[in-house]
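Scroll down for the structure; my scribbles are underneath it.
Quick caveat: nothing in here was measured; it's all calculated off a predicted structure.
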Amino acid sequence: FIIKRMIDLSSFEHKIYVFTDAELALSKLQKLVQTNSNEIPEVLFLDINMPVLDGWQFLDELSKDGPFPVIHIYLVSSSIDPIDHKKAEEYGVVKQLLVKPLSVKKLEQIKADLNK
């Protein structure tokens, strides 16, 4: 919810989905892709530590479905463990692992990178 507030402050113009359960988020994303929806997110902020499925399991499940449309996935974590950063690099769909707390400045930078 804090990330959503930061996104609101950074003026992302897109619709925002918020899920506290990665399994529900994965289901919603799969449904959007299957229906070829124009609401497939351009950016996904994925916390590593979530109930039911953690961020790593979410990425594993996502990769089972084969190629997905281009979605810029940013992992979010309070971890500064180099192992987590190395593991994030192993997933081709992950743009970056961001360490909490996120700032409006960082979100603005992500937004600018998307517009390039």
(message) With side-chain contact (heavy atoms from CB on, under 4.5 Å) as the test, pick out the partner of Q30 among L26, V33, L32.
(response) L26

(request) Decide yes or no for I71 and I40: does some side-chain heavy atom of the first lie under 4.5 Å from some side-chain heavy atom of the second? (result) yes

(message) Rounded at 0.5 Å granularity, tell me how far CD1 in I110 sits from CD in Q96.
(response) 6.5 Å

(request) Nearest 0.5 Å please: distance from the CG atom of N49 over to the OG atom of S78. (result) 6.5 Å

(message) Quick one, H85 and D81 - any side-chain contact, counting heavy atoms below 4.5 Å?
(response) no

(request) Answer whether the closest heavy-atom distance between the side chains of D21 and L53 falls below 4.5 Å. (result) no

(message) So W56 and L46, do their side chains get closer than 4.5 Å, heavy atoms only?
(response) no

(message) Salt bridge or not between E90 and K87? Use side-chain N to carboxylate O under 4.0 Å.
(response) no

(request) Compare all side-chain heavy atoms of L98 with those of K106 and state whether any distance is below 4.5 angstrom. (result) yes

(message) Using side-chain heavy atoms (C-beta onward) and a distance below 4.5 Å, is V99 in contact with S79?
(response) no

(request) Could you give me the CA-CA distance, side-chain angles and deciding distance for K64 and E61, then say whether salt bridge (charged side-chain N to carboxylate O under 4.0 Å, His left out) is met? (result) CA-CA 5 Å; K64 287 180 185 178; E61 289 297 317; 2.9 Å; yes

(request) Any chance you could lay out the side chain to side chain contact (heavy atoms under 4.5 Å, CB included) test for L114 and V43, step after step, and finish with the verdict? (result) CA-CA 9 Å; L114 292 171; V43 178; 3.1 Å; yes

(message) If I take atom CZ from residue F58 and atom CE from residue M50, how far apart are they, to the nearest 0.5 angstrom?
(response) 7.0 Å

(message) Donor-acceptor pair, distance only, cut-off 3.5 Å: does the side chain of T35 make one with the backbone of K31?
(response) yes

(message) Taking K100 first and then D47, would you say they form a salt bridge - that is, a charged N and a carboxylate O separated by under 4.0 Å?
(response) yes

(message) Between V52 and L24, is there shared hydrophobic-cluster membership here, with clusters defined by ILVMFWY side-chain heavy atoms closer than 4.5 Å?
(response) no

(message) Do I80 and L97 sit in one hydrophobic cluster, given that two such residues count as connected whenever their side-chain heavy atoms are within less than 4.5 Å of each other, even indirectly?
(response) yes

(message) Nearest 0.5 Å, please: how far is CG in L75 from OH in Y91?
(response) 9.0 Å

(message) Within the 4.5 Å heavy-atom criterion, are L44 and Y74 side-chain neighbours or not?
(response) no

(request) Report yes if the side chains of L107 and F45 come closer than 4.5 Å at any heavy-atom pair, otherwise no. (result) yes

(message) Return the CD to CG distance between Q57 and L62, rounded to the nearest 0.5 Å.
(response) 13.5 Å

